**Student:** 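My structure is below; once you've seen it, I'll send some questions.
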Amino acid sequence: AKKEKTSARRAKQDLASCKNLLSCLECHEHAWPFLLPVNTKQFPQYKKAIKTPMDLSTIKRKLQEGSYKHKGEFASDVRLIFSNCEEFNEDYSPVGRAGHCMRQYFEQQWAQM
Ligand SMILES: Cc1ncccc1N[C@@H](C)c1ccc2c(c1)OCCO2
């Protein structure tokens, strides 16, 4: 019973840390391209090019719904945002640069979790 308690407590702590890190990502100056799902009416080719779209609002919903069993699954979805961004956007475009900046920020914060 002791072992389960600590792992339940750690799971709670991890969820709180993921929610906190997500808030930091959402309010980052360069988060603007990633806040909501890419509008495929605005970018018709996006649907074909990007097999698994991801964005910060979707991650927020998944956290709230308890969709992530381990914090690593949360990190994978965040990294998916940035790999989709690299696939679709030129490195030196405004969105491409924002993606590189946000990825660097995320990995820095993630390493301290
Ligand atoms: C992350 C991403 N990848 C590929 C395409 C779009 C986006 N983001 C949207 C929000 C977006 C990014 C940039 C925009 C825009 C919408 O609307 C018009 C002007 O510039």
Side-chain angles (χ1 to χ4, degrees):
K2 187 128 170 43
K3 226 176 25 247
E4 286 77 46
K5 224 162 72 190
T6 46
S7 65
R9 195 179 305 126
R10 195 172 342 100
K12 236 166 113 65
Q13 177 51 43
D14 285 350
L15 180 63
S17 302
C18 290
K19 285 181 176 177
N20 177 54
L21 178 44
L22 180 72
S23 301
C24 295
L25 293 172
E26 286 174 319
C27 67
H28 192 287
E29 172 190 359
H30 301 300
W32 57 271
F34 315 109
L35 295 173
L36 295 171
V38 175
N39 182 329
T40 48
K41 290 183 190 56
Q42 193 181 5
F43 298 90
Q45 66 278 40
Y46 196 83
K47 202 166 175 62
K48 183 97 181 71
I50 301 300
K51 294 306 165 209
T52 317
M54 189 49 63
D55 71 284
L56 294 172
S57 73
T58 300
I59 292 174
K60 187 172 199 165
R61 178 180 52 74
K62 288 176 76 172
L63 273 173
Q64 281 160 345
E65 290 170 353
S67 303
Y68 299 121
K69 291 298 152 240
H70 301 289
K71 63 181 183 180
E73 294 170 18
F74 162 82
S76 297
D77 267 357
V78 175
R79 290 172 178 138
L80 176 58
I81 294 175
F82 304 135
S83 36
N84 288 344
C85 183
E86 280 207 53
E87 204 173 320
F88 195 85
N89 301 282
E90 295 294 325
D91 283 338
Y92 292 97
S93 66
V95 178
R97 283 201 314 270
H100 290 303
C101 176
M102 289 299 290
R103 178 204 293 279
Q104 189 180 17
Y105 175 73
F106 168 74
E107 294 301 346
Q108 254 167 16
Q109 300 304 312
W110 179 252
Q112 289 165 38
M113 252 176 61

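Remember, it's 1-based here, ligands and their atoms both numbered in the order they're listed. Computed from a prediction, not measured in an experiment: that's the story for all the values here.
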**Student:** Measure and list all N/O to N/O distances between ligand 1 and the protein that fall under 3.5 angstrom.
**Tutor:**
from     : atom 1 : to    : atom 2 : distance (Å)
ligand 1 : 3 (N)  : Asn89 : ND2    : 3.3
ligand 1 : 8 (N)  : Pro33 : O      : 3.1
ligand 1 : 17 (O) : Gln42 : NE2    : 2.7

**Student:** Whether the Gln13 and Ser17 side chains hold a donor-acceptor pair (N or O, under 3.5 Å, no angle test) is what I'd like checked.
**Tutor:**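 Indeed, the side chains of Gln13 and Ser17 share at least one donor-acceptor pair under 3.5 Å.
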**Student:** List in chain and number order the residues that pass side-chain contact (heavy atoms from CB on, under 4.5 Å) with Arg10, two or more places apart in sequence or in another chain; answer none if no residue qualifies.
**Tutor:**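 Only Ser7, Asp14 meet the side-chain contact (heavy atoms from CB on, under 4.5 Å) criterion with Arg10.
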**Student:** Below 30° counts as parallel, above 60° as perpendicular, anything between as tilted: where do the rings of Phe106 and Trp110 land?
**Tutor:**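 Because their plane-to-plane angle is under 30°, the rings of Phe106 and Trp110 count as parallel.
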**Student:** With salt bridge (Lys or Arg N to Asp or Glu O under 4.0 Å) as the rule and sequence neighbours excluded, what pairs involving residues 48-61 come up?
**Tutor:**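 Every pair satisfying salt bridge (Lys or Arg N to Asp or Glu O under 4.0 Å) with a residue in residues 48-61: Glu26-Lys60, Arg61-Glu65.
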**Student:** Scan the side chains in residues 32-44 for donor-acceptor partners under 3.5 Å anywhere in the protein, sequence neighbours excluded, and list what turns up.
**Tutor:**
from  : atom 1 : to    : atom 2 : distance (Å)
Asn39 : OD1    : Lys41 : N      : 2.7
Asn39 : OD1    : Gln42 : N      : 3.1

**Student:** Check for a donor-acceptor pair, side chain of Ser76 on one end and backbone N or O of Gly72 on the other, with a separation under 3.5 Å.
**Tutor:**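 Answer holds: yes.
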